[in-house]
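This report refers to the structure that appears directly beneath it.
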Amino acid sequence: MQFLVSAGEASGDLYASGVVSHLRRMLPGTSFYGCAGPRLQALGVNPIVDASRLAVVGLAEVVLHLPRIYGEYRRLLQSAEQNRPAAALLTDSPDFHLRVARRLKALDVPVFYLVAPQLWAWRPGRVKSLPKLVDKLFCLFPFEERWFRERGVDAVYIGHPLTSVVRRSTPREEFLDRNALPANRRLVVLLPGSRIGEVHRHLPTLFGAVRELGRKFPLSVLLATPKGFGSAQVLAKFREPIQSLSIKVLEDQTWDCIGHSDVALAASGTVTVEAAILGTPMVTFYKVSPISWYAARHLVKVPFLSMVNLIAEQQVVPELIQNAMTPGAIAAEAATLLADESKADRMRAGLASVRAALTVDSDPFERAAASICASIRPVKSTVAVDA
């Protein structure tokens, strides 16, 4: 049996791999193919498209990459036409995957969607098409199930998968020793984002914040990157400031870096949820191109942009978005957390409530996989569809 799985970025690759690990056990002999990052590929998913090819954010940025993205879209669909899957699991990246879902439904392929598109935040009118495109929507945040069900979508809250997988792998002393970090300095981790564009937009401002913080506190500063991001190609343009500020780049140790840090400087996104689960005080930020910001700012319909604050329904962590994201503002917020332990403790209490809201009794990945297995059937014929 063939099974299509598609994940467009690092977090989607993580979530989809969790489901696929259970599907492999529940559906022995099934072969998996699609759009895959390193975790899915490690599970044996045939990468018709490499997920890194889709990791673009921002309206203007997406427009610049449209020819390449469309090419990957066509490649994925051609593979589905030639080897029609019994089902498809599409993960996050709604602008790409909802188009894929439309074509898969024309092939009569059941579509399961993991990580609900944030239609409750902006462009909510798009939800009208979702019941026709998605057979089951797996929601990671508790407020989403009701919102989608009220609009005709077969949605189910499975809990947030990160609560069962995010943890420190080593004690603090061992982590410091392994990475030659002195124990008498405050530890700050930089989390500029998992996409190359995010890294390039955010790092210069973070370097400025580190300079200001370094005048007030004895610091060890970490730059935590996904596997492969610490390569010379990705960070070559930042070699001088990384060296002059004595920033240590650590690949594939993100959860240890966050969990053992006193403060995280985190791009708004999945990594803020990871920091909340680990209980690390943080300052959140985000910046896109001026054109993307101007085009999108009036479409956002939520009081907060950080998922941590949305889940808490109050501001637990500071949000420094677009023009508010300056070196001075980031440094000031971080300095308060480093200097005022009571404020840091209040934030930790707020983060604990967020973790509790995301935690369920069973494994979210296994719940999703079981739901998929109960719904799919073997496919014996191939149907073609025009793109």
Side-chain angles (χ1 to χ4, degrees), residues 11 14-15 18 115-116 118 120-121 138-147 157-176 186-191 193-194 222 224 253-286 302-321 330 332-367:
S11 60
L14 171 64
Y15 299 152
V115 185
Q118 295 179 356
W120 39 263
F138 299 121
C139 302
L140 306 191
F141 301 106
F143 61 85
E144 292 178 320
E145 179 180 326
R146 178 179 176 181
W147 192 92
Y157 171 56
I158 61 172
H160 204 295
L162 289 180
T163 59
S164 61
V165 297
V166 173
R167 59 180 59 86
R168 304 168 185 84
S169 65
T170 59
R172 180 181 173 86
E173 184 176 347
E174 181 181 338
F175 174 76
L176 295 177
R186 311 304 297 274
L187 198 58
V188 174
V189 59
L190 310 182
L191 304 162
S194 61
L222 309 176
Q253 298 185 56
T254 299
W255 294 342
D256 275 347
C257 289
I258 297 172
H260 293 306
S261 288
D262 297 290
V263 170
L265 306 184
S268 182
T270 301
V271 74
T272 64
V273 177
E274 295 171 345
I277 292 169
L278 290 164
T280 300
M282 72 186 91
V283 180
T284 67
F285 54 82
Y286 208 84
V302 289
F304 304 108
L305 293 180
S306 166
M307 187 55 70
V308 171
N309 292 337
L310 284 170
I311 297 165
E313 299 183 339
Q314 60 178 315
Q315 183 164 320
V316 173
V317 301
E319 301 180 357
L320 301 173
I321 308 300
I330 293 175
E333 294 285 1
T336 301
L337 292 169
L338 290 171
D340 187 343
E341 192 61 28
S342 64
K343 182 170 183 177
D345 284 340
R346 287 194 296 273
M347 186 179 290
R348 291 186 187 100
L351 298 177
S353 69
V354 170
R355 173 171 183 153
L358 297 177
T359 303
V360 296
D361 294 335
S362 56
D363 182 342
F365 294 136
E366 188 171 14
R367 293 179 68 185

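Quick note: residue numbers are just sequence positions, from 1.
- Side-chain contact check for Met282 versus Leu351: some heavy-atom pair is nearer than 4.5 Å.
- For the residue pair Tyr286 and Ala267, the shortest heavy atom distance occurs at CD1-CB, 4.3 Å.
- For Asp262 (side chain) and Val188 (main-chain N/O), no donor-acceptor pair under 3.5 Å exists by modelled atom type.
- Rounding to the nearest 0.5 Å gives a distance of 11.5 Å between CD of Glu274 and SG of Cys257.
- Side-chain atoms of Thr284 come within 3.5 Å of backbone N or O of Pro318 as a donor-acceptor pair.
- Rounding to the nearest 0.5 angstrom, the gap separating the OG1 atom in Thr163 from the CG atom in Leu140 is 10.0 Å.
- Counting only distance, with no hydrogens or angles, the side chain of Thr280 and the backbone of Ile258 share a donor-acceptor pair below 3.5 Å.
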Phe365/Val165 under side chain to side chain contact (heavy atoms under 4.5 Å, CB included): CA gap, chis, key distance, verdict: CA-CA 10 Å; Phe365 294 136; Val165 297; 4.1 Å; yes

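- Of all the heavy atoms in Val283 and Ala334, the pair that sits closest is CG2-N, 3.8 Å.
- How far CG of Leu358 is from OG of Ser164: 11.5 Å, rounded to the nearest 0.5 Å.
- Atoms CZ and CD, from Phe304 and Glu313 in turn, are 9.0 Å apart once rounded to the nearest 0.5 Å.
- Residues that satisfy the ring-ring contact (aromatic ring centres under 6.0 Å, His included) test with Tyr15, not counting sequence neighbours, are His160.
- The heavy-atom pair separating Gly159 from Pro161 by the smallest distance is O-CD, 3.4 Å.
- Residues Pro281 and Met347 approach most closely at CA-SD, 3.5 Å, considering heavy atoms.
- Sequence neighbours left out, the pairs with a member in residues 257-277 that pass ring-ring contact (aromatic ring centres under 6.0 Å, His included) are Phe175-His260.
- Rounded to the nearest 0.5 Å, atoms CD (Glu333) and CG (Leu320) are 5.5 Å apart.
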- request: Decide yes or no on side chain to side chain contact (heavy atoms under 4.5 Å, CB included) for Arg172 and Leu187, but give the supporting numbers first.
  value: CA-CA 11 Å; Arg172 180 181 173 86; Leu187 198 58; 4.3 Å; yes

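- The two residues Leu338 and Arg186 have their closest heavy-atom pair at O-NH1, 2.9 Å.
- Pairs of residues two or more places apart, or lying in two chains, that qualify as side chain to side chain donor-acceptor pair (under 3.5 Å) and include a residue from residues 347-359 are Glu341-Arg348, Asp345-Arg348.
- Taking OG of Ser194 as the reference point, atom CG of Leu14 lies at 11.0 Å (rounded to 0.5 Å).
- Inter-residue side-chain proximity for Ile277 and Trp255 is flagged as unmet; no heavy-atom pair is nearer than 4.5 Å.
- Although no hydrogens or angles enter the test, the distance criterion places no donor-acceptor pair under 3.5 Å between the side chain of Thr272 and the main chain of Ser268.
- A distance-only check finds no donor-acceptor pair linking the side chain of Arg167 to the backbone of Gly259 [under 3.5 Å].
- Looking at Glu319, its side chain does come within 3.5 Å of a backbone N or O of Leu305 through a donor-acceptor pair.
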